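Below is one structure; the comments refer to it alone.
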Amino acid sequence: MTFKRLETQALLDLKGPQEALGAWAGNALPPFPDRPNSKTEAGGVTLMFIGPDHWLLRADLDHEAPLETALRPAEAPPEISLVRVSDTLAWFRITGPDASEVMAVACPMDLHDSRFGPEAASFTEAFALRALVTRCKGGFDVAVEQSFGPMVTDCLARITA
């Protein structure tokens, strides 16, 4: 089992009716997920459905400027909100054959459950902190508020030692 702190991710918080967001964004977004707590991916960009009329758009940081150019947050109509929040979260990748066991210590959500499959993305807790958990190849990505990054690094180091 390994973990690593990921580089800062491009992250945009999207709010508003799906139809209005889709009309504004055109083809700049992956298809909208069809159910809450799930994600879709296209072209290196992930769209996560995290609440009613609420999505997070995630990509590598080099996608941030092109996404902002395509989505034009400052020009968005009043019924939608597009806000860059890239620097608010610290991301960790936990992979390997024991990744589920590490997450069982870190997180109260039952991630063994078949409902938390490869397309899953949900806010929960990790080490008693609000955390976004999603699947990645071979394990999980976990995001917590940036200021808690060192603490989560320490916790993961202790679990995996």
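If you read the sequence from its start, that first residue is 1, and numbering goes on from there. In this text the structure is predicted, and so the values were computed from the model without any measurement.
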- Task: Examine distances only and state if a side-chain atom of Ser81 and a backbone atom of Leu14 form a donor-acceptor pair shorter than 3.5 Å.
- Result: no
- Test applied, side chain to side chain contact (heavy atoms under 4.5 Å, CB included); reference residue, Ile159; option that passes from Ile94, Val105, Asp154: Val105
- Message: Looking at every heavy atom in both Leu67 and Ala59, which two are closest together, and how far apart are they?
- Response: CD1-CB, 4.1 Å
- When rounded to the nearest 0.5 angstrom, what distance separates CE in Met109 from CG in Asn37? 6.5 Å
- Item | Salt-bridge present (Asp141, Arg93; N to O < 4.0 Å) | yes
- Are Glu41 and Val45 side-chain neighbours, meaning at least one heavy-atom pair lies under 4.5 Å? no
- Test the Arg130-Phe123 pair against the cation-pi criterion, namely NZ or CZ under 6.0 angstrom from the six-membered ring centroid and within 45° of the ring axis. yes
- Query: Can you tell me how far the CG atom of Leu21 sits from the CG atom of Leu82, to the nearest 0.5 Å?
  - Reply: 6.0 Å
- Message: Determine whether a donor-acceptor pair (N or O, by modelled atom type, separation under 3.5 Å) exists between the side chain of Asp60 and the backbone of Asp62.
- Response: no
- Item | Glu119 side chain reached by Arg135 side chain, heavy atoms, under 4.5 Å | no
- Item | Chi angles and distances behind the side chain to side chain contact (heavy atoms under 4.5 Å, CB included) call for Leu132, Val142 | CA-CA 6 Å; Leu132 176 63; Val142 178; over 6 Å; no
- Query: Is the shortest heavy-atom distance from the side chain of Gln9 to the side chain of Ser86 under 4.5 Å?
  - Reply: no
- Query: For Thr8, does its backbone N or O pair with a side-chain atom of Trp91 as donor and acceptor, under 3.5 Å?
  - Reply: no
- Run the side chain to side chain contact (heavy atoms under 4.5 Å, CB included) check on Phe140 and Ser100 step by step: do they pass? CA-CA 8 Å; Phe140 302 90; Ser100 291; 3.8 Å; yes
- Note on the structure: Those residues at least two apart in sequence (or on a different chain) that pass side-chain contact (heavy atoms from CB on, under 4.5 Å) with Ala20 are Pro17, Glu79, Ile80
- Query: Has Glu101 got more than 12 heavy atoms of other residues, nucleotides or ligands less than 6.0 Å from its CD?
  - Reply: yes
- Message: For the CG atom of Leu89 and the CD atom of Glu145, what is their distance to the nearest 0.5 Å?
- Response: 7.5 Å
- Message: Minimum heavy-atom separation for Gly138 and Ala99, please, with both atom names.
- Response: O-CB, 4.2 Å
- Nearest heavy-atom approach of Gly149 to Phe92 is O-CZ, 3.4 Å
- Message: Is the shortest side-chain heavy-atom distance between His54 and Phe49 below 4.5 Å?
- Response: no
- Are Leu6 and Phe148 connected in the hydrophobic side-chain network, where two residues link if heavy atoms are under 4.5 Å apart? no
- Just wondering, do Asp13 and Leu56 contact through their side chains at under 4.5 Å, heavy atoms? yes
- Query: What are the two closest heavy atoms between Gln18 and Asp53, and how far apart are they?
  - Reply: N-OD1, 4.3 Å
- Verdict with reasoning, Leu111 to Thr124, per side chain to side chain contact (heavy atoms under 4.5 Å, CB included): CA-CA 11 Å; Leu111 301 174; Thr124 183; over 6 Å; no
- Taking Lys39 for its side chain and Ile50 for its backbone only, find out whether a donor-acceptor pair lies under 3.5 Å. no
- Euclidean distance, Thr160 OG1 relative to Asp98 CG, rounded to 0.5 Å: 10.5 Å
- Query: Looking only at heavy atoms, which two atoms of Glu125 and Pro108 are closest? And how far apart?
  - Reply: O-CD, 3.4 Å
- Message: Are Thr134 and Arg58 packed together at the side-chain level, in the sense that at least one heavy-atom pair is separated by less than 4.5 angstrom?
- Response: yes
- Is Phe116 close to Met103 at the side-chain level, that is, under 4.5 Å between some pair of heavy atoms? no
- Message: If you define the side chain from C-beta out and look only at heavy atoms, does anything of Val102 sit under 4.5 Å from Leu156?
- Response: yes
- Any link between Leu47 and Leu11 through a network of hydrophobic side chains (Ile, Leu, Val, Met, Phe, Trp, Tyr) touching at under 4.5 Å? no
- Item | Parallel, tilted or perpendicular: rings of Trp55 and Phe32 (30°, 60°) | perpendicular
- Could you tell me whether the side chain of Thr95 and the main chain of Gly139 form a donor-acceptor pair under 3.5 Å? no
